[in-house]
Q: 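Provided herewith is a single structure, encoded as structure tokens, for subsequent inquiry.
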Protein chains: 2
Amino acid sequence: MSTADGLLDAAERMIREGGYHGFSFRDLAVAVGIRSASVHHHFPTKAALVVALAERCADRFMDTVAGSAPGPARLAAYRAAFRQSLGGGGMCLFGVLGAEAGGLPVPVVDAAGRFFRRAIAHLAEGLGETPAEGERRALAELARIEGAIILARTLRDPELYDVAAESSGVTGLV
Amino acid sequence: MSTADGLLDAAERMIREGGYHGFSFRDLAVAVGIRSASVHHHFPTKAALVVALAERCADRFMDTVAGSAPGPARLAAYRAAFRQSLGGGGMCLFGVLGAEAGGLPVPVVDAAGRFFRRAIAHLAEGLGETPAEGERRALAELARIEGAIILARTLRDPELYDVAAESSGVTGLV
DNA sequence: GTCTATAATTTGATAGAC
DNA sequence: GTCTATCAAATTATAGAC
């Protein structure tokens, strides 16, 4: 694995744990066994690193759910994919960045926004009677998932994710 | 208004904008017109200040929704109360703190957790056929609301909050 | 209750040798 | 691609005068 990939891996772990301001270039350097100045050789600034990470993360996520059939099956695939964020109690990368948006470099917030638009458009397919209805449902389900991660994390009980994001009694969708 | 209240007001604005690490004691001092060292006279540490803020914020929120009748009316009251967070595009205080949880002082995360437990217990009343069902629904609706704020904020469109949190076509609840 | 002064640490980033 | 050395700025916090 390349050093750049190792740096992105470490950054992903740390951002999901404590947010954009929850890690430093020195932390990354220690994690991969180089010096903090060398990190700048791979990514010129912290903002550039996080934008690159967001793009890698978005691509991987969309690859994961790409094979799912439109409609309820795809929604289930999304729920399962986001559920992995909770491995170790971490947030969804885009959820943290969105929550901290006001204190972040604009390109970073834009990257998070691009992911959400992409996910909404994809999840919306076949989710409603009309395209507009599908989009509304996709938006609502994504919101529920992001919020479920926050609640499960804050209340320190990963099982709450399933209750909050998947209990069919609430949406009547699945 | 006391200086302490002014400091909490400023901190609330800044945390909702950029998170726990999105402001400093100097920022607060400038906002209320004193020096950064004087802030420590009112709150010994940053963590203590945010815990005090979380408690004030939780009390105010519960006061706001206290008069609502159990069931769907109370849910509507919750949605409206959280909606105010979006005034100016800010996050819900507890939502940001929960998202950044891994990088925060434990007492701060605990304070956020206490609010969510309190809100869930209160919102659950009359929301389901059984107490357990009410709790599940309360959890799911709170998740939807928190996620809706994140999405509306990240996509820079406050109207998306209503679509994500309140579209009745999704939950069939209201 | 507010001030000045300052300590101790951390941060993101740069210059230039190897 | 990694290093040493370093910078300027910001951070939380403390001591003690007024």
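To find a chain, count down the sequence lines: A is the first, B the second, and so on, and within it residues start at 1.
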Q: B:Arg35 side chain: which of D:dC3, C:dA13, C:dT4 is closest?
A: C:dT4
Q: Look for any protein N or O under 3.5 Å of an N or O in nucleotides 14-18 of chain D and output each such pair with its distance, or none.
A:
none

Q: Backbone N or O of A:Ser24 within a donor-acceptor pair of the A:Asp27 side chain at under 3.5 Å?
A: yes
Q: Test: ring-ring contact (aromatic ring centres under 6.0 Å, His included). Region: residues 123-145 of chain B. Which pairs qualify, not counting sequence neighbours?
A: none
Q: Round to a whole Å and report the spacing from CG of B:Leu49 to P of D:dA13.
A: 10 Å
Q: Not counting sequence neighbours, list each pair that qualifies as a ring-ring contact (aromatic ring centres under 6.0 Å, His included) and has a residue in residues 52-71 of chain B.
A: B:Phe61-B:Tyr78, B:Phe61-B:Phe82, B:Phe61-B:Phe115
Q: Could you identify which residues of residues 20-34 of chain B place a heavy atom less than 4.0 Å from some atom of DNA chain C, listed by residue number, or say none?
A: B:Ile34
Q: Using a cut-off of less than 4.0 Å, is there contact between a side-chain N or O of A:His41 and OP1 or OP2 of D:dT2?
A: no
Q: Sort and list the pairs that fulfil side-chain hydrogen bond (donor to acceptor under 3.5 Å, both in side chains) and have at least one residue in residues 65-77 of chain A, not counting sequence neighbours.
A: A:Ser68-A:Arg74, A:Arg74-A:His122, A:Arg74-A:Glu125
Q: Applying ring-ring contact (aromatic ring centres under 6.0 Å, His included), which residue pairs with at least one partner in residues 35-56 of chain A are found, sequence neighbours left out?
A: A:Phe25-A:His40
Q: Under 3.5 Å, side-chain donor or acceptor atoms of residues 32-39 of chain A against the rest of the protein: list the pairs with distances, not counting sequence neighbours.
A:
none

Q: Checking B:Ala48 now: which residues fulfil side-chain contact (heavy atoms from CB on, under 4.5 Å) with it, not counting sequence neighbours?
A: B:Pro44, B:Thr45
Q: Given atom CG of A:Leu104 and atom P of C:dG12, what is their separation to the nearest angstrom?
A: 12 Å
Q: Ignoring backbone atoms, establish whether B:Thr3 has a side-chain N or O less than 4.0 Å from OP1 or OP2 of C:dT2.
A: yes
Q: Just list the side-chain donor-acceptor pairs under 3.5 Å for residues 147-155 of chain B, sequence neighbours left out, or say none.
A:
residue, atom, partner, partner atom, Å
B:Arg153, NE, A:Gly98, O, 3.1
B:Arg153, NE, A:Ala99, O, 3.4
B:Arg153, NH1, B:Gly89, O, 2.4
B:Arg153, NH2, A:Ala99, O, 3.4
B:Arg153, NH2, B:Arg16, O, 3.4
B:Arg153, NH2, B:Glu17, O, 2.4
B:Thr154, OG1, B:Ile150, O, 2.7

